[in-house]
Amino acid sequence: MLIRIVKMSFKPEKITEFIANFEDKKQHIRNSSGCRLLEMYRDKNQPNVFFTYSHWDSEEDLENYRNSELFKDIWAKTKVMFNDKPLAWSLDKVASLT
């Protein structure tokens with residue numbers, strides 16, 4: 001399993017638009033082949049900073065999503081709203097306690 005975290009910082013006037021687009025597309029992202037979990041978080045101290053957190057069966061599944069028309073459409077709409085460069089991490093889970 002691959003865990004993907006993406007940090008995005010938005011122009012304040014674009015936050016509502018970003019959230020609406022995420023709400024519209026989130027189920028399509030989650031239904032992408034290999035996607036097992038999709039969550040979005042908002043920074044408590046910087047309300048224009050958001051994180052997506054997703055689980056993928058494999059790196060290939062993530063890459064297939066990133067090369068899909070769905071991602072290209074989402075990215076085209078989202079990237080013009082940024083006020084800083086997005087950051088992304090692909091991670092392997094080392095430990096989990098519940």
Open item on the list: Under the criterion side-chain contact (heavy atoms from CB on, under 4.5 Å), I'd like the reasoning laid out for V6 against F51: C-alpha separation, chi angles, the key distance, then a yes or no.
Closed with: CA-CA 5 Å; V6 180; F51 296 82; over 6 Å; no
TODO: Take W89 and K7, measure what side-chain contact (heavy atoms from CB on, under 4.5 Å) needs, and give me the verdict at the end.
DONE: CA-CA 9 Å; W89 298 269; K7 178 185 178 185; 4.0 Å; yes
TODO: Give the C-alpha distance, both sets of side-chain angles, the deciding distance and a yes or no for side-chain contact (heavy atoms from CB on, under 4.5 Å) between I5 and T52.
DONE: CA-CA 6 Å; I5 299 173; T52 56; over 6 Å; no
Open item on the list: Could you walk me through whether N21 and T78 satisfy the side-chain contact (heavy atoms from CB on, under 4.5 Å) test, starting with their C-alpha distance in whole Å, then the side-chain angles of each, then the deciding distance to 0.1 Å, before giving a yes or no?
Closed with: CA-CA 8 Å; N21 190 48; T78 304; 3.9 Å; yes
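Rounded to the nearest 0.5 Å, atoms CD1 (I74) and NZ (K26) are 12.5 Å apart. From L62, atom CG reaches atom OG of S32 across 10.0 Å, with rounding to the nearest 0.5 Å. Residue K77 holds its NZ atom at 13.0 Å from CZ of F18, rounded to the nearest 0.5 Å. Note: N83 CG to I15 CD1 = 8.5 Å, rounded to the nearest 0.5 Å. Here CE of M81 is found 11.0 Å from CZ of F50. Values are rounded to the nearest 0.5 Å. Separating the CD1 atom in I3 from the OG atom in S90 is a distance of 10.0 Å, to the nearest 0.5 Å.
With no hydrogens or angles considered, no side-chain donor-acceptor pair links W56 and S58 at under 3.5 Å. Residues E39 and Y41 have side chains that bring a donor and an acceptor to within less than 3.5 angstrom of each other.
Under the 4.5 Å side-chain criterion, counting only non-hydrogen atoms from C-beta, R4 is not in contact with E59.
Atom CD of E63 sits in a crowded spot, with more than 12 heavy atoms from other residues, nucleotides or ligands closer than 6.0 Å.
Heavy atoms only, all atoms of each residue included: F82 and K11 are closest at O-CE, 3.4 Å. Here the closest non-hydrogen pair linking I29 and L70 is N-CD2, 3.9 Å. Here the shortest heavy-atom pairing between D57 and R36 reads OD2-NH2, 2.5 Å. Minimum heavy-atom separation, P47 to R42: O-NE, 2.7 Å. Across every non-hydrogen atom of D24 and H28, the tightest pair is O-CD2, 3.6 Å. Closest heavy-atom contact between R30 and C35: NH1-O, 2.6 Å.
One hydrophobic cluster, built from ILVMFWY side chains closer than 4.5 Å, cannot hold both Y53 and M8; they sit in different ones. Linking ILVMFWY side-chain heavy atoms closer than 4.5 Å, directly or via other members, places V80 and F71 in a single hydrophobic cluster.
Remark: aromatic rings of W75 and Y65 are distant, center separation not under 6.0 Å.
Between D73 and K25, at least one side-chain nitrogen of the basic residue sits less than 4.0 Å from a carboxylate oxygen of the acidic one, meeting the salt-bridge criterion.
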